[in-house]
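See structure below.
So you know, we letter chains A, B, ... as the sequences are listed, proteins then strands, and number each from 1.
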Amino acid sequence: MVPELPEVEAARCGIAEQLTGRRVTGFELYRPRLLQALPGRGLELLRGTYLIEVGRWGKYLWLVFESLATLVHLKLTGQLVARGSTVPGFAAGHPVPPFDAPLPHKSTALRLDFEPDVALYLTDVRHFARLWLLPVDELANTLASLRLGPDLLSTEFTFETFRQRLERRRSRRLKPVLLDQTVVAGIGNIYADESLWQAQLHPEHVVGELAEDELRRLYDGIQETMRLAVPLGGARIVHGKAVPPIGQFPFVHGRAGQPCPRCGAPVVKVQVDGRGTYLCQLCQPSPDAALRRSRLAARAGRSE
DNA sequence: AACTACTCCTGGAGGC
DNA sequence: TGCCTCCAGGAGTAGT
């Protein structure tokens, strides 16, 4: 399972509830390449300082300490696990290694120790995750420089905002636009497929061809997908396959050959924009190429 | 503007 | 059983 918004949100909640207000007593940096900005000794600045707040925008997570801010992206296979005698503990992100595996794992990149007796582990089997260390007063600018679209769980993500942002991408196809974090922040490959299935829209529709009610379905599909996924801390997908399904979610992603929960037709896997894409060919009919051409021609004619 | 290709990586899956 | 090869995929960057 690739960590997307729901998984990162689960990590944010765990950190907020169990670590905020605690003091850092130490750390172990197992893999220095995790750090993207300052050299490894920058972490020394965390020692003895308190975790003040934790935030999230899309798939980016940040922890603000008195001395320093850290910005984290779990990328494909990052996970965050907290354990200790003074907290319940939590685990979020990619479920390999298993959330109950002994830590540190050989792919653990960083351990942060909090007072009293809590350890937060960042583990990532493919070593793509990154952590930036930056002065607290540079966090806002750094986030702004990412040019992220509205976070899916924020009040900024309204239908009107969504429609306006899609308007600027009229010529692009739906799936790549959903994956573009500068359009909306938080959707990855799994939840793009789930949202499109909810909306009963094919991933290769051209944005500008969609009618108002289809845009509305897409917006509602994203909202419904987040509503289902966030409380679960995300889908459980390992190497593209759904492992013991939690209820029926996810409905199509990783379920090639299985029946569509809506109509029973087999879910198929295709490539869209180079990404493995799961869909139901009955519920999500392919855009008709001839109709597409005639509509575009009609628009071009009118605009001249 | 919007595509493609490439770059990071490695565990697991599939082939034989 | 044991090699070998291939593949996934977020996001930044470069090239077309």
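Here the C1' atom of nucleotide C:dG9 and the CG atom of A:L179 are 10 Å apart, to the nearest Å. Between the CD1 atom of A:I187 and the C1' atom of C:dA11 there is a distance of 16 Å, given to the nearest Å. Nucleotide C:dA8 holds its P atom 14 Å from the CD1 atom of A:I190, rounded to whole Å. Between the P atom of B:dG11 and the CD atom of A:Q79 lies a distance of 13 Å, rounded to the nearest Å. Taking atom CG of residue A:D273 and atom C1' of nucleotide B:dT4, one finds them 9 Å apart after rounding to whole Å. Rounded to an integer number of Å, the gap from CD of A:E204 to C1' of B:dA2 is 16 Å. At whole-Å resolution of the value, CG in A:L74 and C1' in C:dA11 are 14 Å apart. Going from atom CG of A:L76 over to atom P of B:dT7 covers 16 Å, rounded to whole Å.
With rounding to the nearest 0.5 Å, the separation of OH in A:Y60 from CG in A:L143 is 9.0 Å.
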Considering only nitrogen or oxygen atoms on both sides, find all protein atoms under 3.5 Å from nucleotides 12-15 of chain C and state each distance.
residue	atom	partner	partner atom	Å
C:dG12	OP1	A:Y60	OH	3.1

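Using a 4.0 Å cut-off, some side-chain N or O of A:K106 falls inside it from OP1 or OP2 of B:dG11. Between A:R275 and C:dG10, a side-chain N or O to OP1/OP2 separation shorter than 4.0 Å is present. Contact annotation: A:Q181 reaches the phosphate of C:dA11 (side-chain N/O to OP1 or OP2, under 4.0 Å).
Of all nucleotides listed (B:dG12, B:dA2, C:dG9), B:dG12 comes nearest to the side chain of A:V96. Of the candidates B:dT10, B:dG11, B:dC3, B:dT10 carries the atom nearest the A:H127 side chain, counting heavy atoms from C-beta on. Between B:dG11, C:dG10, C:dA8, one nucleotide has an atom nearer to the side chain of A:K269 than all others, and that is C:dA8.
Looking at A:R275 and A:L179, their side chains come closer than 4.5 Å, going by heavy atoms from C-beta outward. At a threshold of 4.5 Å between non-hydrogen side-chain atoms, the residues A:T142 and A:L71 count as touching.
Formation of a donor-acceptor pair under 3.5 Å by the A:R170 side chain with backbone atoms of A:G208 is found in this model. A donor-acceptor contact shorter than 3.5 Å is absent between the side chain of A:R163 and the backbone of A:Y219.
Contacts of A:S171 with the nucleic acid, taken as non-hydrogen atoms under 4.0 Å apart, involve only primed sugar atoms and P, OP1 or OP2. Across all strands, A:R33 comes closer than 4.0 Å only to sugar-phosphate atoms, never to a base (heavy-atom distances). No contact: A:E4 has no heavy atom under 4.0 Å from any strand.
A donor-acceptor contact closer than 3.5 angstrom links the side chains of A:T161 and A:T158.
Salt bridge status for A:R173 with A:E204: present, with a side-chain N to carboxylate O gap under 4.0 Å.
Donor-acceptor pairing under 3.5 Å, judged by distance alone, is absent between the side chain of A:R172 and the base of B:dA1.
Scored by the side chain to side chain donor-acceptor pair (under 3.5 Å) test, A:D180 finds A:R169, A:R172, A:T182 as partners (sequence neighbours excluded).
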